[in-house]
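Notes for the one structure printed next.
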Amino acid sequence: MCNEITAHKEAVKAFLAADPDEIILKSGACYSKDQNSIAVAYFAQPHAISLTDGTITAANRQPVAPKDATLILQYLTQCSGLPPRGKWISFLELPQGSHHYTAFLEGACNPINEALSQDPDLFIARAALLGGRPLKMGDAAAVIPAFPKLPLAIVIWQGDDEFPAKTNILLDSVSPSHLSTAALWVLVCLMADKMVA
């Protein structure tokens with residue numbers, strides 16, 4: 001918990017020190033009408049980030065969990081500006097991806113696999129709630145826009161008598177230029193939480 005608080009404080013500090021024009025140029029965010037905040041889509045939901053103190057407000061006025069808030073701030077300040085390339089890579093292909101791979105499977109792939117791999121229609125419906133659209137891979141797949149320039153792909157295989165059901169999460173090859181591998185791990189775990197909630 002202490003690490004979460006520290007990470008959030010550092011993310012707020014970096015956001016407030018950054019040039020808002022540069023954030024907008026690189027991240028795909030935009031100014032609010034009153035210019036007092038920056039608006040960015042996070043899993044297809046608008047979020048407003050105050051330029052005064054870095055607080056984040058979701059469009060539905062629901063409180064934003066600290067992990068989500070930290071990721072939003074990190075994306076805004078670290079995004080390289082590069083657009084998605086449409087080339088999918090595995091988590092293991094990320095820098096030091098092997099260090100987080102077991103946690104990636106346990107925190108992201110396995111929960112989706114257990115909850116949704118046997119019901120492709122429900123899987124696609126849950127993905128749509130996060131702005132997802134179907135993708136032609138596996139038995140069912142969806143591309144989900146975590147952020148404007150950071151899409152994720154979830155692929156499920158239903159399995160049969162010989163092979164168990166399997167789920168994988170792929171990242172656009174540009175992802176490491178927007179967030180660290182540790183932050184991307186948190187991002188895919190939060191996406192899984194939202195998918196199975």
Side-chain angles (χ1 to χ4, degrees), residues 27-28 40-47 58 65 67-68 70-72 74-76 78-197:
S27 69
V40 71
Y42 174 59
F43 290 112
Q45 300 300 315
H47 287 69
K67 280 185 181 178
D68 292 292
T70 300
L71 274 174
I72 292 168
Q74 288 174 336
Y75 169 79
L76 291 173
Q78 296 172 21
C79 183
S80 68
L82 293 172
R85 294 188 177 135
K87 179 189 174 196
W88 298 109
I89 60 171
S90 73
F91 195 86
L92 282 172
E93 292 176 85
L94 295 173
Q96 289 87 46
S98 59
H99 295 317
H100 299 277
Y101 190 64
T102 300
F104 162 74
L105 294 175
E106 291 174 357
C109 295
N110 293 351
I112 294 173
N113 197 55
E114 289 167 17
L116 300 170
S117 64
Q118 297 306 318
D119 192 341
D121 291 336
L122 179 60
F123 165 76
I124 292 297
R126 292 283 179 86
L129 294 175
L130 302 181
R133 55 181 174 76
L135 179 69
K136 289 187 177 179
M137 291 175 80
D139 290 321
V143 178
I144 295 175
F147 290 106
K149 296 188 178 182
L150 208 168
L152 303 169
I154 309 173
V155 188
I156 61 172
W157 292 267
Q158 288 183 270
D160 53 31
D161 294 338
E162 293 183 44
F163 299 100
K166 182 184 173 189
T167 296
N168 197 9
I169 297 170
L170 303 172
L171 302 97
D172 191 275
S173 61
V174 81
S175 300
S177 76
H178 298 328
L179 286 172
S180 69
T181 297
L184 289 167
W185 167 67
V186 174
L187 181 66
V188 296
C189 290
L190 290 173
M191 176 179 67
D193 290 346
K194 296 174 198 304
M195 285 287 289
V196 303

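Although no hydrogens or angles enter the test, the distance criterion places a donor-acceptor pair under 3.5 Å between the side chain of T181 and the main chain of P95. Between the side chain of H178 and the backbone N or O of L82, at least one donor-acceptor pair lies under 3.5 Å. Not a single donor-acceptor pair under 3.5 Å links the side chain of H47 to the backbone N or O of I72. Judged by distance alone, the side chain of E93 and the main-chain N or O of S90 form a donor-acceptor pair under 3.5 Å. Without hydrogens or angle criteria, K149 side chain to G81 main chain gives a donor-acceptor distance under 3.5 Å. Here the side chain of D172 pairs no donor or acceptor atom with the backbone of S175 at under 3.5 angstrom.
Here W185 contributes atom CH2 and L94 contributes atom CG; the two are 13.5 Å apart, rounded to the nearest 0.5 Å. Taken to the nearest 0.5 Å, the CH2 atom of W157 stands 11.5 Å off from the OG atom of S117. Atom CG of L184 and atom CG of L179 lie 5.0 Å apart (nearest 0.5 Å). Rounding to the nearest 0.5 angstrom, the gap separating the CG atom in L130 from the CE atom in M195 is 6.5 Å. A distance of 5.0 Å separates CD in Q158 from CG in D139, rounded to the nearest 0.5 Å. We find the CG-CD distance between L187 and Q74 to be 10.0 Å, quoted to the nearest 0.5 Å.
Scanning all heavy atoms of the two residues, the minimum distance from A192 to G107 falls at CB-O, 3.8 Å. The minimum heavy-atom distance linking P176 with S173 is given by the pair CD-O, 3.3 Å. Taking each heavy atom of P145 and G131 in turn, the nearest pair found is CD-O, 3.3 Å. Nearest heavy atoms, Q78 versus S180: OE1-N, 4.1 Å. The two residues V196 and A115 have their closest heavy-atom pair at CG1-CB, 3.6 Å. The shortest heavy-atom contact between S27 and C79 is CA-SG, 3.8 Å.
Below 30°, between 30° and 60°, or above 60°: for F91 and H100 the angle between ring planes is above 60°, a perpendicular geometry.
Contact check for Y42 versus L150: no side-chain heavy atoms found under the 4.5 Å cut-off. Between P111 and D193 there is no side-chain heavy-atom pair separated by less than 4.5 Å. You'll find the side chain of I169 reaches within 4.5 Å of the side chain of F104, heavy atoms only.
Screening N168, T167, I124 against I156 for a side chain to side chain contact (heavy atoms under 4.5 Å, CB included) leaves a single residue, T167.
Classification of K194 and D68 as a salt-bridged pair holds, one side-chain N sitting under 4.0 Å from a carboxylate O.
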Residues V143, L152; criterion side-chain contact (heavy atoms from CB on, under 4.5 Å); working and verdict: CA-CA 6 Å; V143 178; L152 303 169; over 6 Å; no
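Counted within 6.0 Å of CH2 on W88, heavy atoms from surrounding residues, nucleotides or ligands total more than 12; the atom is thus considered enclosed.
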